[in-house]
2 protein chains.
Amino acid sequence: MFSKACEYGIKAAIFIATKSYEGIRVSPKEIAMEISSPQAFTAKILQALVKHDVVKSVKGAYGGFEINKGDISTIKLSQIVKAIDGDTIYSACGLGLDKCDENHPCPVHDKFKGVRDELKFMLENTNLEELALNIKSGASFLKV
Amino acid sequence: MFSKACEYGIKAAIFIATKSYEGIRVSPKEIAMEISSPQAFTAKILQALVKHDVVKSVKGAYGGFEINKGDISTIKLSQIVKAIDGDTIYSACGLGLDKCDENHPCPVHDKFKGVRDELKFMLENTNLEELALNIKSGASFLKV
DNA sequence: TATAAATAGGATAAATTTATCCGAAATAAA
DNA sequence: TTTATTTCGGATAAATTTATCCTATTTATA
Ligand code: FES
Ligand code: FES
């Protein structure tokens, strides 16, 4: 469904959010440990999240990744997915036609569109805060 | 969403179905032309569909691929997807945890499960016949 | 200012997916 | 039985995704 890069990106953002509530910056190393991902690859993904303003990075000694507390509730899952996988998941044809077009639909268009739109709605209506709080409360997990 | 192989497989099955109504067998070459896919790769995918009893192949001169007319309405999209992409799309965790487990859920489990189940329902309740008839009537398209 | 700690980013490698090629096996018709 | 046609299947190649490594750059503190 999502690429590995995107899965790591979502989990990383959630973990950074949980730590940011405590005002703690985290390193790619710590993030990779916490979400069971390859460290260097995760660092690359973090760069993309920084470029797309999902997370903030602070270079140099005592640096790391963080998210402004006030932003956590405003960041949608859709932003993260879009930053890493692009927006094909929101708009591309399910059977790979050049574009999804009502006027030139593939055979599954009507049925696929419903599912795709529901996924889009879900991603646009889920914010980092609720996911991070679920982790903090122990109701959900980022690994194992 | 689906792999390229799966997209080709679905489109190929639909095209074979349309021809099978007329009692005509088709070759990988003709299929690839009709669905704009690489021919040799499409042939490989057809082998998988044969192995999983989605389509029937007839070797030798005057051979080709076909689907028994009576079977067309009983073949679900889900069988094709499962034959080619396996069943991860139906059951895998959206964030890549080893397994999707109610008792050890990832942060997006509840929300993701809904979308995944809707996709599953759609695939299990869409059969080749309706897709093939839409193509025959000109209401939908397999390429361009 | 010097040093240590940390992200940024380019180069490269490994793994997987996508795609091609070619000979073997099967089959209908001449 | 021979021939032409067609799928089967293994080997290989190209492209993309995933992953690693190393150096440059930035920055807080001593
Ligand atoms: S045209 Fe294929 S999903 Fe819309
Ligand atoms: S545990 Fe992640 S989707 Fe169920």
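As the structure is a computational prediction, the values presented were derived from the model and not from experiment. These numbers come from the heavy atoms of this one structure, side chains and all, not from hydrogens, waters or symmetry mates. Just so we're on the same page: letters track the sequence lines, and every chain starts at 1.
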Has the side chain of [X] got a donor or acceptor atom that lies under 3.5 Å from a matching backbone atom of [Y]?
| X | Y | result |
| --- | --- | --- |
| A/Glu130 | A/Asn127 | yes |
| B/Ser91 | B/Asp87 | yes |
| A/Arg25 | A/Tyr62 | yes |

Tabulate protein N/O versus nucleotide N/O from nucleotides 12-18 of chain C, keeping only pairs under 3.5 Å, one per line.
unit_1: C/dT18; atom_1: OP1; unit_2: B/Lys4; atom_2: N; d: 3.1

If we ignore angles and hydrogens, is there a donor and acceptor under 3.5 Å between the side chains of A/Lys56 and A/Asn68?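 Judged by distance alone, the side chains do pair up.
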
Under a 3.5 Å threshold, yes or no: a donor from one side chain and an acceptor from the other, between A/Lys136 and A/Thr18?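 Side chains of A/Lys136 and A/Thr18: no pair found under 3.5 Å.
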
[X] [atom1] to [N] [atom2]: how many Å, rounded?
| X | N | atom1 | atom2 | value |
| --- | --- | --- | --- | --- |
| A/Glu30 | C/dT7 | CD | P | 10 Å |
| A/Ile45 | C/dG9 | CD1 | P | 15 Å |
| B/Ile31 | C/dA19 | CD1 | C1' | 17 Å |
| A/Ile84 | D/dA19 | CD1 | P | 13 Å |
| A/Leu46 | C/dG9 | CG | P | 13 Å |
| B/Lys29 | C/dT20 | NZ | C1' | 16 Å |

Can you tell me if the side-chain N/O atoms of A/Gln47 get under 4.0 Å from OP1 or OP2 in C/dG9?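 Yes.
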
A/Ser57 vs C/dA8: side-chain N/O to OP1/OP2 distance below 4.0 Å: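 For C/dA8, OP1 or OP2 has a side-chain N or O of A/Ser57 closer than 4.0 Å.
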
Quick one, B/Phe65 and B/Leu49 - any side-chain contact, counting heavy atoms below 4.5 Å?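 No. Closest side-chain heavy atoms not under 4.5 Å.
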
Where each residue is assigned the nucleotide of DNA chain D containing its nearest heavy atom, which of B/Val26 and A/Thr42 is assigned the position nearer the 5′ end?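 So the residue in question is B/Val26.
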
For a side chain to side chain contact (heavy atoms under 4.5 Å, CB included) check, start with the C-alpha distance between B/Tyr8 and B/Ile31, then their side-chain angles and the critical distance, and finish with the verdict. CA-CA 10 Å; B/Tyr8 298 152; B/Ile31 295 168; over 6 Å; no

Could you walk me through whether B/Glu124 and B/Lys76 pass the salt bridge (Lys or Arg N to Asp or Glu O under 4.0 Å) test, one step at a time? CA-CA 6 Å; B/Glu124 285 175 347; B/Lys76 312 295 184 206; over 6 Å; no

Can you tell me how the ring of B/Phe2 sits relative to the ring of A/Phe112, calling it parallel under 30°, perpendicular over 60° and tilted otherwise?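 Plane angle between 30° and 60°, so tilted.
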
Give one of base, sugar-phosphate or nothing for B/Val55, where a contact means two heavy atoms less than 4.0 Å apart.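 Contact class for B/Val55: none.
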
Polar atom pairs (N or O), protein with nucleotides 21-28 of chain C, under 3.5 Å:
unit_1: C/dT27; atom_1: O2; unit_2: B/Ala61; atom_2: N; d: 3.3

